[in-house]
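One structure is given below, encoded as structure tokens.
FYI, the numbering just counts along the sequence from 1.
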Amino acid sequence: TSVYDQSFFVQLDKNNDVYIFGQSEGKMPVKGTVYNNPGSGQFVTKMNAGLDTVLFSTVVGNTDSLPNLSPTAFLVDACSNIYLAGWSARYGKKEQGGNDIPMINMPVTSTAPDVTTNGFDFYLMVLSKDAGSLVYGTYWGGDLSAEHVHGGVSRFDKRGIVYQSLCTGCGGNDDYPLTTGAYPHDMANPNGSMFGCNNAVFKIDFQIKIAQADFTADNFSGCAPFTVHFENKSTTGGKILWDFGNKDTTSQDKPVFTYNTPGVYLVKLYMNDPTSCNIWDTAFQ
């Protein structure tokens with residue numbers, strides 16, 4: 001736009017289309033049949049691999065005219081779902097008179113573990129393929145502390161798993177939500193920092209169904225005739241097909257195959273699961 005715009009992250013999908021996640025103080029265009037929060041200060045845009053066509057563009061947030069989310073991570077998973085995360089973008093900004101402006105009224109879903117906020121929590125959002133709908137939205141943090149990060153501490157797994165490290169318990173608060181059995185085991189005083197902040201970690205698994213081919217072999221080299229025991233370790237469900245690298249195939253789960261001719265063979269295991277989002281996957285050894 002004609003004012004401040006900043007791209008924080010770039011991601012590619014399996015077709016090498018390009019996704020951008022960032023902030024804007026202008027009116028970023030909304031294009032396509034997309035989920036959007038009109039007037040918000042964060043944008044997600046998808047372009048083709050040649051960068052000459054905008055395939056969709058949307059804005060998300062609390063409909064404030066200024067950015068209210070400081071992005072920390074961005075992902076397009078194996079099913080083309082779109083993940084984004086961040087914390088309050090205007091926490092103590094001097095240009096705002098030194099006053100903290102809370103990140104409130106963010107979109108949350110019924111499955112969210114944390115639908116309330118003190119205005120300075122962490123926030124995560126998941127959009128469906130091509131940003132067609134809101135899949136998930138949640139806050140995460142304590143009731144007293146201002147959760148935040150210092151960059152580079154989010155990791156998103158293409159299989160739909162979020163790992164996040166963050167600063168919490170600032171001011172010596174013991175308000176960060178802990179799961180049963182998690183370290184530290186002293187639930188009465190989990191922070192351990194009397195005055196400063198402490199480090200916290202959370203993991204969210206969205207359990208999306210992805211076909212993942214994988215297998216083991218008990219040996220990789222020997223003299224002909226050379227017998228190898230294979231075992232299918234793919235995700236459950238669907239059909240499999242082995243290719244032993246010499247045009248011999250089988251659909252057995254634990255095949256035993258003997259190579260009679262010396263050589264180097266590339267073994268492939270194909271997996272097909274029509275109920276998964278990617279439908280096909282292949283493993284090679």
Practice task
List in chain and number order the residues that pass disulfide bond (SG atoms under 2.5 Å apart) with Cys167, two or more places apart in sequence or in another chain; answer none if no residue qualifies.
Solution key: none
Fill in the blank from the handout: So OG of Ser65 and CD of Glu25: to nearest 0.5 Å the spacing works out to 8.5 Å
Handout entry: Minimum side-chain heavy-atom gap Asn272-Tyr270 below 4.5 Å
Key = no
Handout entry: ILVMFWY network linking Leu241 to Val228, side-chain heavy atoms under 4.5 angstrom
Key = no
Exercise for the section: Answer yes or no: is there a donor N or O on one side and an acceptor on the other, between the side chain of Tyr139 and the main chain of Met106, under 3.5 Å? Expected result: yes
Handout entry: Whether Tyr176 and Trp140 hold their rings parallel, tilted or perpendicular, with breakpoints at 30° and 60°
Key = perpendicular
Exercise for the section: Kindly determine whether Lys203 and Ile161 satisfy side chain to side chain contact (heavy atoms under 4.5 Å, CB included), including the steps that lead there. Expected result: CA-CA 7 Å; Lys203 171 186 176 182; Ile161 305 173; 3.6 Å; yes
Exercise for the section: Examine distances only and state if a side-chain atom of Gln42 and a backbone atom of Asn68 form a donor-acceptor pair shorter than 3.5 Å. Expected result: yes
Problem - Side chain Thr249, main chain Asp243, donor-acceptor under 3.5 Å - result: no
Completion exercise
For Thr45 and Phe43 the tightest heavy-atom approach is OG1-CD1, 3.6 Å
Handout entry: Met271 side chain near Trp280 side chain, heavy-atom distance below 4.5 Å
Key = no
Problem - Lys158, NZ atom: more than 12 neighbouring heavy atoms under 6.0 Å - result: yes
Practice task
Mark yes or no for whether Asn260, through its side chain, and Pro225, through its backbone, hold a donor-acceptor pair below 3.5 Å.
Solution key: no
Problem - Separation of Phe122 CZ from Leu166 CG (nearest 0.5 Å) - result: 6.5 Å
Residues 123-131 side chain polar contacts: donor-acceptor under 3.5 Å, at least two apart:
from: Tyr123; atom 1: OH; to: Pro107; atom 2: O; distance (Å): 2.5
from: Ser128; atom 1: OG; to: Gly132; atom 2: N; distance (Å): 3.3
from: Ser128; atom 1: OG; to: Ser133; atom 2: N; distance (Å): 2.9
from: Ser128; atom 1: OG; to: Ser133; atom 2: OG; distance (Å): 3.0
from: Asp130; atom 1: OD1; to: Lys46; atom 2: NZ; distance (Å): 2.8

Handout entry: Under 3.5 Å side-chain donor-acceptor pair for Asp77 and Tyr83
Key = yes
Exercise for the section: State, with a plain yes or no, whether a side-chain heavy atom of Met47 is found less than 4.5 Å away from one of Leu55. Expected result: no
Problem - Asn246 side chain near Tyr265 side chain, heavy-atom distance below 4.5 Å - result: yes
Practice task
Tell me yes or no: between the side chains of Asp13 and Tyr19, is some donor less than 3.5 Å from an acceptor?
Solution key: yes
Handout entry: Phe284 side chain near Leu266 side chain, heavy-atom distance below 4.5 Å
Key = yes
Exercise for the section: Would you sort out whether Thr72 and Phe8 count as a side chain to side chain contact (heavy atoms under 4.5 Å, CB included), showing the intermediate values? Expected result: CA-CA 8 Å; Thr72 60; Phe8 277 70; over 6 Å; no
Handout entry: Side chain to side chain, Thr109 and Leu134, heavy atoms closer than 4.5 Å
Key = yes
Exercise for the section: Compare all side-chain heavy atoms of Val10 with those of Val18 and state whether any distance is below 4.5 angstrom. Expected result: yes
Exercise for the section: Could you label the plane-to-plane angle of the Phe74 and Phe9 rings as parallel, tilted or perpendicular, counting under 30° as parallel and over 60° as perpendicular? Expected result: tilted
Exercise for the section: May I ask you to check whether Asp253 and Asn232 show a side-chain donor-acceptor distance below 3.5 Å? Expected result: yes
Practice task
Might you point out which heavy atoms bring Ser24 and Gly26 nearest each other, and give the distance in Å?
Solution key: OG-N, 3.0 Å
Handout entry: Rounded distance [0.5 Å steps], CE in Met28 versus CD1 in Ile20
Key = 8.0 Å
Handout entry: Ionic contact status for Asp273 with Lys239, cut-off 4.0 Å
Key = no
Practice task
Drop me the distance from Asp218's CG to Thr227's OG1, to the nearest 0.5 angstrom.
Solution key: 9.0 Å
Handout entry: Heavy-atom donor-acceptor pair, Asp248 side chain to Phe244 backbone, under 3.5 Å
Key = no
Handout entry: Minimum heavy-atom distance Val149-Ser165, with the two atoms named
Key = CG1-O, 3.5 Å
Handout entry: Ser57 (side chain) donor-acceptor with Val30 (main chain) under 3.5 angstrom
Key = no
Problem - Residue pair Asn62 / Ser40, side-chain donor-acceptor N/O under 3.5 Å - result: no
Practice task
Determine, using the 4.5 Å side-chain heavy-atom cutoff (strictly less than), whether Leu12 and Leu51 are members of one ILVMFWY cluster.
Solution key: yes
Practice task
State whether the side chain of Glu231 and the backbone N or O of Phe215 hold a donor-acceptor pair below 3.5 Å, judged by distance alone.
Solution key: no
Problem - Same cluster (ILVMFWY, side-chain, under 4.5 Å), Phe230 and Phe226 - result: yes
Completion exercise
Here the gap from Asn36 atom CG to Thr63 atom OG1, rounded to the nearest 0.5 Å, amounts to 11.0 Å
Practice task
Would you please test Phe56 and Val54 for side chain to side chain contact (heavy atoms under 4.5 Å, CB included) and show each step?
Solution key: CA-CA 6 Å; Phe56 79 75; Val54 174; 5.9 Å; no
Exercise for the section: Assess the pair Phe156 and Tyr163: is the distance between their ring centroids shorter than 6.0 Å? Expected result: no
Practice task
Determine, stepwise, if the pair Ile240 / Leu269 fulfils side chain to side chain contact (heavy atoms under 4.5 Å, CB included).
Solution key: CA-CA 7 Å; Ile240 62 169; Leu269 176 61; 3.9 Å; yes
Practice task
Using only heavy-atom distances, determine whether the side chains of Gln212 and Thr235 contain a donor-acceptor pair under 3.5 Å.
Solution key: no
Completion exercise
Between Ser234 and Ala213, the two heavy atoms sitting closest are OG-CA, 3.3 Å
Handout entry: Side chain Ser145, main chain Gly169, donor-acceptor under 3.5 Å
Key = yes
Problem - Under 3.5 Å donor-acceptor, Asn15 side chain and Asp17 backbone - result: no
Practice task
Look at the side chain of Asp175 and the backbone N and O of Asp143, then say whether any donor-acceptor pair between them is shorter than 3.5 Å.
Solution key: yes
Completion exercise
d(Gln6 CD, Phe21 CZ) to nearest 0.5 Å is 11.5 Å
Exercise for the section: Taking the side chain as every heavy atom from C-beta outward, state whether Trp242 and Phe257 have any pair of such atoms under 4.5 Å apart. Expected result: no
Exercise for the section: Begin from the C-alpha positions of Thr168 and Asn198 and carry the test side chain to side chain donor-acceptor pair (under 3.5 Å) through to its verdict. Expected result: CA-CA 5 Å; Thr168 189; Asn198 216 322; over 6 Å; no
Fill in the blank from the handout: Closest heavy-atom pair, Thr250 versus Pro255, reported as atoms and distance to 0.1 Å, is CG2-CB, 3.9 Å
Fill in the blank from the handout: Heavy atoms of Gly137 and Ala112 approach each other most closely as O-CB, 3.2 Å
